[in-house]
K.L.:
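Have a look at this one.
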Amino acid sequence: MRSAIMLFAAAARALCPRVTQPARRSIIRAAKSKVNKPRYATGMAKAVYRGEGLGAPSYDSAPIALSGLPDTTKPYAVLGIETSCDDTAAAVVRSDGTILGESVASQHEVHAKYGGIVPGLAKEAHELAIDAVVDEALQQAHLTMSDVGAVAATVGPGLEICLRVGARKAAHLASKYQKPFLHCHHLEAHCLVARLQTELEFPYLALLVSGGHCQLLWVQGVGDCSVLGGTLDDALGEAYDKAARMLQLSSATGGGPALERAALRGNATAVDLPVPMKKRKDCDFSYAGLKNALRGRVAEKRIERGLSDEDTLPDQDVYDLAASFQSVAIEHVEDRLRVAFKRVVGEAGASPTLALVGGVAANAELRRRVASVASQAGWRLVVPPPRLCTDNGVMVAWAAVEKASLGFSDEIDEEVEVIPRWPFREHSAPEPVKIAVKLASKAERATAAA
Amino acid sequence: PQNLAPYRHDRCASASTTTMRALRSLLALGAKGALGLATKPSTPAAAQLRLASEIQMERLGGIFGATAANGDTVCLSGDLGAGKTVFSRGFLRSASGDARMRVTSPTYLLDNAYDGRDGLPGDLVVHHMDLYRLAGDVGDAYVLDLDRTLAECCCLVEWPDRLEKEPTAALGVEIRLDGACRRVTVDASALDGDHPWRAAT
């Protein structure tokens with residue numbers, strides 16, 4: 001293999017003796033990438049793709065199944081548990097992608113049920129919630145723990161105590177019923193769920209937008225995501241929520257959906273708001289400036305209408321402000337997407353795809369405008385159904401199916417170590433190819449201009 | 001050791017004179033305290049400032065971040081967009097010495113922890129918490145492991161009024177909006193007399 005590359009490189013050197021050093025390197029890189037193109041087919045070992053420097057990924061180790069693997073010759077079910085932050089969720093998913101059972105319990109429902117007054121009860125409330133949610137998921141799937149092929153849980157990133165509840169429950173089940181146990185990365189699970197119900201090959205771009213996260217990720221495989229850009233202050237979902245609060249909009253499902261509904265009835269060009277970071281051409285997001293600008297406009301409107309701070313604004317003003325805010329917030333996303341498309345188009349292959357994931361993917365206006373930007377740039381858009389975009393157990397179970405299909409599983413340790421901080425590595429752009437361009441002489445340029 | 005102005009990139013050109021004088025007098029007070037010179041016994045452990053820009057808010061956070069230690073707590077109160085996270089950003093950037101450190105809002109994630117991996121010195125761990133989304137019941141305190149965290153780590157708590165029992169022995173920073181400016185009240189009266197933040201205030 002190496003000799004083939006060396007021969008090719010020698011031939012390149014021979015054919016174009018004056019090719020400059022960087023260009024020659026890119027020819028060699030192109031040759032290597034054809035020969036050693038990473039293939040993430042089922043059963044293929046893939047440890048970590050370093051993606052650095054020239055050439056092929058390094059296969060550090062053979063796949064390690066520390067707690068065994070399910071029988072991959074026929075469909076098997078995976079129980080996935082997700083408890084990284086607020087919600088407790090579990091689901092049972094079959095390895096062919098069928099969702100057999102799912103259940104989600106919001107933390108506040110549990111505390112409301114228990115009144116939250118007795119101190120020790122809070123710990124039990126968490127642990128009772130996980131039992132209830134796991135039992136419901138299994139019940140819906142009409143399976144018992146002995147029928148399940150593997151158990152998976154989010155071990156990070158998130159809040160340590162919450163992660164521990166889910167991870168230890170999963171480890172306990174895996175140990176008790178002697179099942180393979182798999183760790184999952186919360187954000188990676190969000191990205192991988194786009195592959196559950198759609199044909200989606202690696203690598204692809206993922207725009208992860210939720211209340212807590214706002215990132216552009218380059219997903220090259222399981223265990224191989226890199227960050228193109230993230231938020232400097234507020235996430236998109238958080239910006240929506242705070243804007244809704246400023247406009248005194250709220251609903252049972254949260255400020256974001258309420259603002260989306262209000263925006264439908266408003267005029268998006270009525271209020272002038274600044275698009276964040278127009279001058280910076282990178283993939284980072286920032287919504288704090290927009291939040292402040294909105295606050296300023298709300299105050300101005302109040303003065304204009306002769307209202308005091310406590311009075312509510314007239315409905316149409318609220319709708320117009322909501323629509324303008326949403327329009328500018330999404331324009332910022334569009335800007336960043338265009339930059340991201342340019343940055344990764346070289347690695348994207350023949351049919352570049354963007355996956356829109358995370359809770360805010362449920363916003364119809366965002367989906368519509370992202371679809372438009374993607375199609376203008378020649379990219380395909382994949383969006384999972386809304387209930388798979390918010391935190392759920394299905395994505396964890398599916399991420400485990402993907403990991404198990406590559407031959408990995410993790411050791412069963414009842415005192416499992418959770419990983420509250422588990423950042424992805426930064427995406428390193430491939431070296432730009434330097435091309436030698438012969439500039440016209442001064443005289444030629446002068447005659448051309450005349 | 002006068003490391004109270006740690007930024008390598010000084011972009012404070014547009015600061016108003018009055019406010020810079022106020023900040024300099026804060027620094028001077030800090031110097032007096034550090035050198036052990038007596039401050040008048042009737043010196044109030046509270047200061048009021050009027051800040052004209054985000055950069056000044058970050059610098060204010062930086063003054064306290066420079067002398068942060070495990071066990072310290074800052075309670076940040078103020079409305080949406082007041083500058084609580086900007087203060088925290090200045091605090092963390094000064095504590096780590098990294099002027100470009102990324103510090104995002106913890107509103108949804110509830111608690112962002114920073115430690116040696118982010119450049120914080122020694123075993124300093126800073127928890128940047130935001131209780132805005134919490135309903136204020138006991139279960140929330142459990143989820144954040146508040147008792148242990150407040151005692152063992154340095155904490156920046158946004159929206160502390162969501163807690164039933166606000167942390168005692170904390171630096172109180174209250175930020176009020178005043179047009180395009182911010183009026184900040186820093187209150188160190190709950191801290192011990194020899195705490196560096198008391199002198200800084």
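Labels below follow one simple rule: chain letters A, B, ... track the order of the sequence lines, proteins then strands, and each chain is numbered from 1. Values below: all heavy atoms of this structure, side chains included; hydrogens, waters and symmetry mates excluded.
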K.L.:
OH of Tyr132(B) to CD of Glu238(A): how many Å apart, nearest 0.5 Å?
P.N.:
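Rounded to the nearest 0.5 Å, the OH-CD separation comes to 9.0 Å.
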K.L.:
For the OG1 atom of Thr85(B) and the CG atom of Asp233(A), what is their distance to the nearest 0.5 Å?
P.N.:
8.5 Å
K.L.:
Please identify, among Met246(A), Lys242(A), Lys291(A), the residue contributing the most non-hydrogen atom pairs under 4.5 Å to chain B.
P.N.:
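Top option by heavy-atom pairs under 4.5 Å: Lys242(A).
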K.L.:
Between Asp145(B) and Arg164(A), does any NZ, NE, NH1 or NH2 come within less than 4.0 Å of an OD or OE carboxylate oxygen?
P.N.:
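No salt bridge links Arg164(A) with Asp145(B).
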K.L.:
Please round to the nearest 0.5 Å and tell me the distance separating atom CZ of Arg89(B) and atom CG of Leu232(A).
P.N.:
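Answer for the CZ-CG pair, Arg89(B) versus Leu232(A), is 7.5 Å.
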K.L.:
At a heavy-atom separation under 4.5 Å, does Thr107(B) approach chain A through its side chain, its backbone, both, or neither?
P.N.:
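Its backbone and side chain both get close to chain A.
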K.L.:
Between atom CD1 of Ile161(A) and atom CZ of Arg148(B), what is the distance when rounded to the nearest 0.5 Å?
P.N.:
7.5 Å
K.L.:
Drop me the distance from Asn292(A)'s CG to Leu177(B)'s CG, to the nearest 0.5 angstrom.
P.N.:
8.0 Å
K.L.:
Mind ranking Asn112(B), Val86(B), Leu109(B), Asp79(B) by heavy-atom pairs under 4.5 Å with chain A and telling me who comes out on top?
P.N.:
Leu109(B)
K.L.:
Rounded to the nearest 0.5 Å, how far apart are OH of Tyr108(B) and NE2 of His213(A)?
P.N.:
12.0 Å
K.L.:
Can you establish whether the number of heavy atoms outside Gln248(A) located under 6.0 Å from its atom CD is more than 12?
P.N.:
yes
K.L.:
Can you confirm whether more than 12 heavy atoms, excluding those of Glu152(B), are under 6.0 Å from its CD atom?
P.N.:
yes
